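One structure is given here, and the rest of the page talks about it.
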Amino acid sequence: MFTRIGEVMLYVNDQEATRNFWREKLGFIVASESEEGADMKWIELKPTREAETSIILHDRKLIEKLSPELNFGTPSLMFFTDDLDRLHEELSEKGVKVGEIETFSSERTFNFADNEENYFAVMENNE
């Protein structure tokens, strides 16, 4: 049986620029960076050291060559926050492209785009 989501693999065109976006604009930490040979490199990002799930940045062109059968569309990621208004304001101030805060079935959300125009969602955590 599955127990949790461990990693989300994100295939990007520029690993360094995308790592910098997640670190500098969103406050994620680099949990690890690994290289295997001259071509294979991946970067693990987490919102906190204690987070159970991480985002792994892979070089899209290399993975397309190694595994052409994969679907390389951006995964639909939903992040949670305890203070949606503050996060929306902070991202806006940092120049991140953010959507309007909307309410669906009493859940408040907004979306944002990364440096490669991949869109992600944020929802207020009401627990």
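Just so you know, these numbers come straight off a predicted model, no measurement behind them.
Atom CG of residue Asn111 and atom CG of residue Asn118 lie 12.0 Å apart, to the nearest 0.5 angstrom. To the nearest 0.5 Å, atom NE2 of residue His58 and atom CG of residue Leu70 are 10.0 Å apart. The distance from the CH2 atom of Trp42 to the CD1 atom of Ile56 is 9.5 Å, given to the nearest 0.5 Å. Distance check, rounded to the nearest 0.5 Å: OG1 of Thr18 to CG of Asn13 gives 7.5 Å. One finds the CG atom of Asn71 at 9.5 Å from the OH atom of Tyr11 (value rounded to the nearest 0.5 Å). In this structure, CG on Leu10 lies 6.0 Å from CG on Leu57, to the nearest 0.5 angstrom.
For Ser54, the side chain to side chain donor-acceptor pair (under 3.5 Å) partners two or more places apart in sequence, or in a different chain, are Glu44. In this structure, the side chain to side chain contact (heavy atoms under 4.5 Å, CB included) partners of Ile101, at least two apart in sequence or on a different chain, are Leu84, Asp85, His88, Arg108, Phe110. With sequence neighbours left out, the salt bridge (charged side-chain N to carboxylate O under 4.0 Å, His left out) criterion links Glu36 to no other residue. In terms of the salt bridge (charged side-chain N to carboxylate O under 4.0 Å, His left out) criterion, Asp14 has no residue partners (sequence neighbours excluded). Remark: Arg86 pairs with Glu90 by the side chain to side chain donor-acceptor pair (under 3.5 Å) rule, at least two apart or across chains. Residues forming a salt bridge (charged side-chain N to carboxylate O under 4.0 Å, His left out) with Lys97 (at least two apart in sequence, or on another chain): Glu117. Applying the side chain to side chain donor-acceptor pair (under 3.5 Å) test to Gln15 and every residue at least two apart in sequence or in another chain returns nothing. In this structure Phe21 satisfies the ring pair (Phe, Tyr, Trp, His ring centres under 6.0 Å) test with no other residue, sequence neighbours excluded. Among residues two or more places apart in sequence or in another chain, the side chain to side chain donor-acceptor pair (under 3.5 Å) test is passed with Asn20 by none.
Evaluation of the salt bridge (Lys or Arg N to Asp or Glu O under 4.0 Å) test over residues 67-78, restricted to residues two or more places apart or in two chains, returns none.
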Q. Under the salt bridge (Lys or Arg N to Asp or Glu O under 4.0 Å) criterion, do Lys41 and Glu16 qualify, and how do the steps go?
A. CA-CA 11 Å; Lys41 177 180 181 176; Glu16 302 302 319; 2.6 Å; yes
Q: Decide side-chain contact (heavy atoms from CB on, under 4.5 Å) for Glu24 and Lys94; before the verdict, give the C-alpha distance in whole Å, the side-chain angles of both, and the deciding distance to 0.1 Å.
A: CA-CA 9 Å; Glu24 295 167 11; Lys94 291 179 179 180; over 6 Å; no
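The minimum heavy-atom distance between Thr48 and Ile29, with the atom names listed, is C-CD1, 3.8 Å. Contact detail for Val96 and Ala113: the closest heavy-atom pair is CG1-O, 3.7 Å. Between Val30 and Arg23 the shortest heavy-atom distance is CG2-CD, 3.2 Å. When all heavy atoms of Arg49 and Ala31 are compared, the closest pair comes out as NH1-CA, 3.6 Å.
With a 4.5 Å cut-off on side-chain heavy atoms, Leu87 and Val122 count as touching.
Hydrophobic clustering, defined by side-chain heavy atoms of Ile, Leu, Val, Met, Phe, Trp and Tyr closer than 4.5 Å, groups Phe80 together with Met78, Met123.
In this structure a side-chain-to-backbone donor-acceptor pair under 3.5 Å is present from Arg4 to Glu52.
Around the CD atom of Glu102, the shell of radius 6.0 Å holds more than 12 heavy atoms that belong to other residues, nucleotides or ligands.
Phe104 and Val98 are assigned to two separate hydrophobic clusters, defined by single-linkage of ILVMFWY side chains at heavy-atom distances under 4.5 Å.
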Side chains of residues 60-68: which donor-acceptor partners sit under 3.5 Å, not counting sequence neighbours?
unit_1 : atom_1 : unit_2 : atom_2 : d
Arg60  : NE     : Glu64  : OE2    : 3.0
Arg60  : NH1    : Phe72  : O      : 3.0

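Ring planes of Trp22 and Phe112: perpendicular class, angle over 60° (limits at 30 and 60°).
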